[in-house]
K.L.:
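Here it is, the structure, as structure tokens.
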Amino acid sequence: MMAAAADGCYLGLDFSTQQLKVIAVDHNLNVIYQNNVQFDDELPEYKTQGGVHVHGDKLTVTSPVLMWVQALDILLEKMKNAGFDFGRVKALSGSGQQHGSVYWRAGARQVLQNLAYDKPLHELLQGCFAVADSPVWMDSSTTEQCQLLEKAAGGAQGLAEITGSRAYERFTGNQIAKVFKTSPGLYNETEKISLVSSFAASLFLGDYAAIDYSDGSGMNLMDIFAKQWAQPCLRATAPQLEEKLGPLVPSMTVLGSVSPYFVRRYGFSPDCGVVAFTGDNPGSLAGMRLQEGDIAVSLGTSDTVFLWIQDPKPAVKGHIFCNPVTSQAFMALLCFKNGSLTRERIRNECAEGSWEEFSKALRAVPMGNEGNIGMYFDAMEITPAAVGVHRFDKDDNKVEGFPKEREIRAVIEGQFLAKRVHAEQLGYKIIPGTRVLATGGASSNTDILQVLADVFNAPVFTIDTANSACLGCAYRARHGLIADQGVRFSEAVRDAPEPRLAVTPMPGAEQVFVPLLKRYAELEEKVFLESKQ
Ligand code: ADP
Ligand code: XUL
């Protein structure tokens, strides 16, 4: 039976690095259901750590694609067992960790189109992937491919002017070029290449889903202004690539309805729309209802900073992506690889594995850490491209270690100093009225948010759920159904709860952090130059 309009709900999913998450919102955009599947704990047979496999060279990082498929089986079973009424879902959308790639073997489309509803997806799709281990965003093994691509596109700045970014190791085009070079046989067996986002949409659609403009911008392959594949980039990457990638679509496109598999197995309505999936950061932009002038800080496995921009000028630092909620704007993004996993390491080493103790230490040491500064690049960082732990005392002398409480403050202050320094280098200015919108797992920690407010000297707002990517995709699902009537995203989510004030800067924060910001920028540049040698 068809659900009445007021009974309808919308689903948002997020295939992130460490887990698969889902949120359902009702017609008034209130969250009515949340659940998740943790890859390491709930799918131990894949032996991932933090959802990934770091290979022997320390640079190659992959995740088993079938683990993601099986996680979806588990999540939907959990929902079914909890009595979730799939028949109410009018549309669904989702996001994925950005840049990761999935290689569908020839014949997989036919399998997707004919899924037997009495079997779980991971059994049905077992033979469908030419590459079993998908490269993910943490990979930094493609320096050679990056150099070749920049050469073909007129240099780093030339490539940025087309694709929004200079060549980055994790960007999908460079990953595809590596697969083609190291495993040409597997590349030739591949009939379709998806991003994590469009792969996940394909599961629901029962057919290959198109890549959306916003997540497509993270590939070094798309002309972000013309919103088409950039032919010189495709040519420099691998043969027959356009066929394997398929078309690009606006992020609010309704791709079709859920496949009969979901109707029969879970009781979805055959009319339930599938709205194009996008990247997790674009999904978060939607979930936080980011406006021009705001700055968003996401504290997940990776930390990211992003902004809404109207008139971008791509440069060799940072990334410009198409905006996920309107094709008329863009978003700027900075990505920091050493986010939650680094905070967790310091928590384990200095706070007995407890966030409570970690918070206590943050409160015990005064802001500014008495002039001590730390940079904790456990894995090869993206912003800046440097590695290792670097600690400096108040006179800029290198030191070997800090006492535990100081180490805890140093990691948090260092991470936020880096974010403000790099955002300002991109041209961002913090002015009175600036809102910092925080999201991601660590945004549930008020003591961490206090440091964020102090370093930025601006109030920090959060939304009720730390899963802004999921929430944003539930919003996008709703918007997708009415976007072709000319309804703007901001109108479609007008009734959703506003971000709430979490913390304000402490008096005197600006005086403490202005000199530290300057010193951090200089010290980081030194560390970067030393790393290059
Ligand atoms: P992702 O979407 O990248 O998988 P999340 O945004 O869900 O990640 O964030 C997960 C991370 O949140 C965990 O790795 C953990 O370190 C962090 N986290 C959870 N609770 C807290 C807390 N109270 N304080 C600091 N960090 C936390
Ligand atoms: C963004 C990036 C990460 C991933 C994983 O460029 O690489 O933020 O999207 O969350």
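Atoms within each ligand, like the ligands themselves, are counted from 1 in listed order.
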K.L.:
Glu357: which residues meet the side chain to side chain donor-acceptor pair (under 3.5 Å) condition with it, sequence neighbours left out?
P.N.:
Lys360
K.L.:
Can you list, pair by pair, the side-chain donor-acceptor contacts under 3.5 Å of residues 12-20, counting residues two or more places apart and other chains?
P.N.:
unit_1, atom_1, unit_2, atom_2, d
Asp14, OD1, Ser95, OG, 2.8
Ser16, OG, Gln19, O, 2.9
Thr17, OG1, Trp137, NE1, 2.9
Gln18, NE2, Thr301, OG1, 3.0
Gln19, OE1, Asn36, ND2, 3.0
Gln19, OE1, Gln38, NE2, 3.3

K.L.:
Identify all N/O pairs between ligand 1 and the protein with a separation under 3.5 Å and present them as a table of atom names and distances.
P.N.:
unit_1, atom_1, unit_2, atom_2, d
ligand 1, 2 (O), Ser16, OG, 3.3
ligand 1, 2 (O), Lys21, NZ, 2.8
ligand 1, 3 (O), Thr301, N, 3.0
ligand 1, 3 (O), Thr301, OG1, 2.5
ligand 1, 4 (O), Ser16, OG, 2.9
ligand 1, 4 (O), Thr301, OG1, 3.4
ligand 1, 6 (O), Gly441, N, 2.9
ligand 1, 7 (O), Gln19, NE2, 3.0
ligand 1, 7 (O), Lys21, NZ, 3.0
ligand 1, 9 (O), Gly441, N, 3.3
ligand 1, 14 (O), Gln18, NE2, 3.3
ligand 1, 14 (O), Glu344, OE2, 2.5
ligand 1, 16 (O), Glu344, OE2, 2.4
ligand 1, 24 (N), Asn445, ND2, 3.1

K.L.:
Only heavy atoms of Gln98, strictly under 4.0 Å: list the atoms of ligand 2 that pass.
P.N.:
1 (C), 4 (C), 9 (O)
K.L.:
At under 4.0 Å between heavy atoms, which part of Asn281 makes contact with ligand 2: side chain, backbone, both or neither?
P.N.:
side chain
K.L.:
Within ligand 2, which atoms have a heavy atom of Leu333 less than 4.0 Å away?
P.N.:
1 (C), 6 (O)
K.L.:
Could you note down all residue pairs passing ring-ring contact (aromatic ring centres under 6.0 Å, His included) where residues 449-468 supplies at least one of them, sequence neighbours left out?
P.N.:
none
K.L.:
Considering the heavy atoms of Arg170, write down every atom of ligand 2 situated less than 4.0 Å from one of them.
P.N.:
1 (C), 2 (C), 6 (O), 7 (O)
K.L.:
Show which atoms of ligand 2 fall inside a sub-4.0 Å distance from at least one heavy-atom site of His99.
P.N.:
1 (C), 2 (C), 6 (O), 7 (O)
K.L.:
Would you say the side-chain atoms of His53 pair up with the backbone N or O of Lys47, donor to acceptor, closer than 3.5 Å?
P.N.:
yes
K.L.:
Does the ring center of Phe330 lie less than 6.0 Å from the ring center of Phe225?
P.N.:
yes
K.L.:
Treating Asn220 as the side-chain partner and Tyr168 as the backbone partner, does any N or O pair qualify as donor plus acceptor under 3.5 Å?
P.N.:
yes
K.L.:
Atoms of ligand 2 less than 4.0 Å from Ser302 heavy atoms?
P.N.:
3 (C), 5 (C), 8 (O), 10 (O)
